[in-house]
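Report on the structure given below.
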Amino acid sequence: MRHPYDPRHARALAPLLDSISREIEERSLALEALEGRIHELKNSPFYAGELRALEAEVAAHRREMRLCHDELERLGCTVLGTTPITIRIPTLVGKKRRSLVWQHVADD
């Protein structure tokens with residue numbers, strides 16, 4: 001784990017943080033839609049096969065989101081918020097610990 005970062009190097013993480021944040025955002029939206037569909041089908045015995053497939057898809061999305069959070073942790077970063085995704089990057093300015101806060105700008 002490489003932290004704290006020199007502020008210049010912390011800013012260089014932006015493209016990687018953008019990529020990870022985009023994946024978290026896309027998977028969050030997919031999970032929301034899948035969980036809504038599961039809720040609709042939950043009380044119907046006629047859709048057991050579809051429910052199992054949807055639940056497997058949800059599990060896969062959650063696993064991939066955990067991997068995204070693990071990657072951020074390996075970088076020494078922490079998620080501060082989710083709307084928008086806000087990440088704290090630990091920095092060192094001189095001998096003082098500081099933080100650089102990065103926010104994901106969603107594509108519209």
Side-chain angles (χ1 to χ4, degrees):
M1 209 178 318
R2 265 205 68 196
H3 60 82
Y5 292 90
D6 174 278
R8 288 184 315 260
H9 296 120
R11 287 183 191 87
L13 290 173
L16 179 58
L17 296 178
D18 186 58
S19 177
I20 293 169
S21 296
R22 190 175 306 114
E23 182 171 354
I24 290 171
E25 186 177 79
E26 289 169 0
R27 289 189 183 280
S28 293
L29 291 172
L31 279 169
E32 187 178 320
L34 289 166
E35 289 170 345
R37 181 69 177 143
I38 288 171
H39 182 73
E40 291 172 4
L41 299 178
K42 206 66 158 173
N43 297 320
S44 176
F46 303 108
Y47 297 99
E50 184 178 351
L51 271 173
R52 283 191 296 276
L54 292 172
E55 288 168 345
E57 196 172 342
V58 163
H61 279 292
R62 287 186 178 148
R63 181 187 65 243
E64 293 301 321
M65 283 187 62
R66 278 191 305 276
L67 292 175
C68 288
H69 285 275
D70 289 349
E71 178 67 17
L72 289 171
E73 190 175 303
R74 276 191 293 282
L75 292 168
C77 300
T78 52
V79 176
L80 299 176
T82 57
T83 310
I85 296 173
T86 306
I87 297 172
R88 177 191 166 274
I89 307 167
T91 59
L92 194 60
V93 178
K95 293 187 180 191
K96 294 185 180 186
R97 290 183 172 271
R98 300 284 185 235
S99 295
L100 181 66
V101 176
W102 179 90
Q103 283 189 327
H104 175 67
V105 179
D107 299 328
D108 288 331

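Placement of Leu75 and Val101 in two distinct hydrophobic clusters is found when ILVMFWY residues are connected by side-chain heavy-atom separations under 4.5 Å, directly or transitively. In this structure, Trp102 is a member of the same hydrophobic cluster as Leu16, with clusters built from ILVMFWY side-chain heavy atoms closer than 4.5 Å.
Not counting sequence neighbours, the partners of Leu67 by the side-chain contact (heavy atoms from CB on, under 4.5 Å) test are Glu64, Asp70. With sequence neighbours excluded, the residues that form a salt bridge (charged side-chain N to carboxylate O under 4.0 Å, His left out) with Arg37 are Glu40, Glu50. Applying the salt bridge (charged side-chain N to carboxylate O under 4.0 Å, His left out) criterion to Glu57, with sequence neighbours excluded, gives no partner residue.
Thr91 contributes no side-chain N or O that, together with a main-chain N or O of Pro4, makes up a donor-acceptor pair within less than 3.5 Å. No donor-acceptor pair under 3.5 Å is formed between the side chain of Tyr5 and the backbone N or O of Ala12.
Rounding to the nearest 0.5 angstrom, the gap separating the CD atom in Glu71 from the SG atom in Cys77 is 9.5 Å. One finds the CZ atom of Arg63 at 8.5 Å from the CZ atom of Arg27 (value rounded to the nearest 0.5 Å). If you take CG on Leu13 and CD1 on Ile87, they are separated by 9.5 Å, rounding to the nearest 0.5 Å. Here CD of Glu73 is found 13.0 Å from SG of Cys68. Values are rounded to the nearest 0.5 Å.
Residues Glu55 and Arg52 are not paired through a salt bridge, judged by the lack of any N-O separation under 4.0 Å between the basic side chain and the carboxylate. Between Arg22 and Glu26 there is no salt bridge, since no side-chain N of the basic residue sits under 4.0 Å from a carboxylate O of the acidic one.
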Checklist entry - When you look at Leu72 and Val79, which way does the side chain to side chain contact (heavy atoms under 4.5 Å, CB included) test go after all the steps? => result CA-CA 8 Å; Leu72 289 171; Val79 176; 3.7 Å; yes
Checklist entry - Passes side chain to side chain contact (heavy atoms under 4.5 Å, CB included), Glu25 versus Ile85? Steps please. => result CA-CA 8 Å; Glu25 186 177 79; Ile85 296 173; 4.3 Å; yes
Next on the checklist: For a side chain to side chain contact (heavy atoms under 4.5 Å, CB included) check, start with the C-alpha distance between Ile24 and Ile20, then their side-chain angles and the critical distance, and finish with the verdict.
Outcome noted: CA-CA 6 Å; Ile24 290 171; Ile20 293 169; 4.0 Å; yes
Item to check | Candidate pair Thr78 and Ile89, rule side chain to side chain contact (heavy atoms under 4.5 Å, CB included), full reasoning | outcome: CA-CA 7 Å; Thr78 52; Ile89 307 167; over 6 Å; no
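Put simply, the side chain of Arg98 reaches to within 4.5 Å of the side chain of Lys96, judged on heavy atoms.
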